[in-house]
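For ligands, and for the atoms within them, numbers begin at 1 and follow the listed sequence. Every value quoted in this text rests on a predicted model; they were computed, and no experiment measured them.
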Amino acid sequence: MPAEATEFRADVLAIAAHRDDVEQTCGGTLLRMAARGLGTAILDLTQGEAGSRGSAEERGREAQEAARILGVGWRQALALPDGAVENTLENRIAIARVIRRLRPRVVILPYWQARHPDHAITASLGYEACFLSGLKKIETDAAPHRPFKIVYASLYADVRPSFVVDITPFIEPRYQALMAYRSQYANQSAGAGLFVAEEEIRERTFAEARHYGLLAGVGYGEPFVQKEVGLVDDLTLLPVQSM
Ligand SMILES: [Zn+2]
């Protein structure tokens with residue numbers, strides 16, 4: 001995996017608050033995009049120092065292993081404070097620098113309403129960073145770039161998705177990417193009363209993906225919300241059967 005963003009161009013960039021967020025909400029989609037030959041990338045905003053289990057260093061190693069399983073071409077983490085992500089100009093510029101280097105056509109952000117404040121703030125912070133990245137007046141070391149499309153990964157939001165990505169062929173590696181975070185999810189004594197067992201995580205992961213797959217008439221799916229209304233050229237090519 002290239003360490004420097006300068007040489008890699010991403011078609012799809014997923015931005016998330018924590019290492020393992022992407023694995024939980026859109027890992028199957030990244031696998032599918034990579035299988036289509038698209039360049040995929042992940043920017044995590046924090047390093048995970050506030051977690052009850054494992055150290056930031058451990059999570060860093062696990063994140064690279066997960067990235068390998070997901071087939072992403074580039075992954076890095078900023079060092080925003082875990083549990084205290086803020087939408088500041090400084091943070092918007094830090095993210096815009098990455099967007100300008102990777103030049104993604106699509107950016108995936110977390111859905112804007114969430115239980116964890118870091119997730120909700122990452123949605124607005126990421127959106128504003130995409131906007132700022134396109135402004136000529138904001139000077140960084142790379143040319144301005146405005147992503148064409150922003151979509152919101154909504155798996156943990158109680159909201160009807162705009163569309164679902166069929167991840168049926170990728171459900172197993174998707175799960176393996178999540179389980180690459182052994183320090184977080186493997187059965188262990190630390191925090192045993194606080195965390196769910198590995199077998200339960202597998203059950204939940206598959207059940208959630210099955211639920212969203214059923215909405216679109218496929219085996220397993222990942223849900224997304226887009227703010228824009230969809231535009232259609234040909235009614236006969238609409239992809240999901242009505243009855
Ligand atoms: Zn998270």
Side-chain angles (χ1 to χ4, degrees), residues 12-31 40-67 69-70 72 75-88 91-92 94-95 98 107-130 150-159 161 167 174-186 188 190-191 194-198 200-202 204-205 207-209 212 222-225:
V12 180
L13 167 65
I15 300 174
H18 313 115
R19 290 163 162 165
D20 85 1
D21 284 353
V22 162
E23 287 78 1
Q24 294 188 57
T25 61
C26 60
T29 300
L30 292 182
L31 277 159
T40 55
I42 300 170
L43 176 66
D44 304 303
L45 300 187
T46 68
Q47 305 210 349
E49 70 277 9
S52 318
R53 282 174 163 178
S55 63
E57 292 70 33
E58 254 177 308
R59 297 192 103 181
R61 282 193 300 275
E62 292 166 344
Q64 291 306 320
E65 171 60 8
I69 296 169
L70 294 176
V72 305
R75 180 177 210 162
Q76 283 189 11
L78 299 181
L80 273 51
D82 185 7
V85 172
E86 288 185 83
N87 185 352
T88 63
N91 291 346
R92 292 196 290 276
I95 298 168
V98 173
V107 169
I108 301 174
L109 296 175
Y111 188 70
W112 56 88
Q113 287 173 336
R115 185 183 62 84
H116 196 310
D118 282 356
H119 298 169
I121 290 162
T122 297
S124 58
L125 171 59
Y127 176 87
E128 290 178 37
C130 288
I150 297 171
V151 296
Y152 296 86
S154 63
L155 190 123
Y156 287 133
D158 183 19
V159 60
I167 61 159
R174 174 197 197 273
Y175 176 69
Q176 293 308 327
L178 182 63
M179 292 313 294
Y181 295 88
R182 303 299 301 166
S183 71
Q184 304 302 305
Y185 300 117
Q188 57 196 278
L194 207 68
F195 289 77
V196 296
E198 202 172 326
E200 173 67 14
I201 295 170
R202 184 179 176 92
R204 288 186 193 183
T205 300
E208 280 159 351
Y212 287 109
E222 282 173 344
F224 294 86
V225 170

Contact check: His116 to the Zn ion (ligand 1), N/O/S below 2.8 Å: no

For the Zn ion (ligand 1), does an N/O/S atom of Asp118 lie at less than 2.8 Å? no

Sorted by chain and number, sequence neighbours left out, ring-ring contact (aromatic ring centres under 6.0 Å, His included) with Phe224 holds for Phe163

Under the ring-ring contact (aromatic ring centres under 6.0 Å, His included) rule, collect the residues that match up with Tyr111, sequence neighbours excluded. none

Give the name of the N/O/S atom in Asp21 that lies closest to the Zn ion (ligand 1). OD1

So which N/O/S atom does His18 have closest to the Zn ion (ligand 1)? ND1

Give the ring-plane orientation class for His116 versus His18, where under 30° counts as parallel, over 60° as perpendicular and anything between as tilted. tilted

Full working for side-chain hydrogen bond (donor to acceptor under 3.5 Å, both in side chains) between Asn87 and Glu128: CA-CA 9 Å; Asn87 185 352; Glu128 290 178 37; 3.2 Å; yes

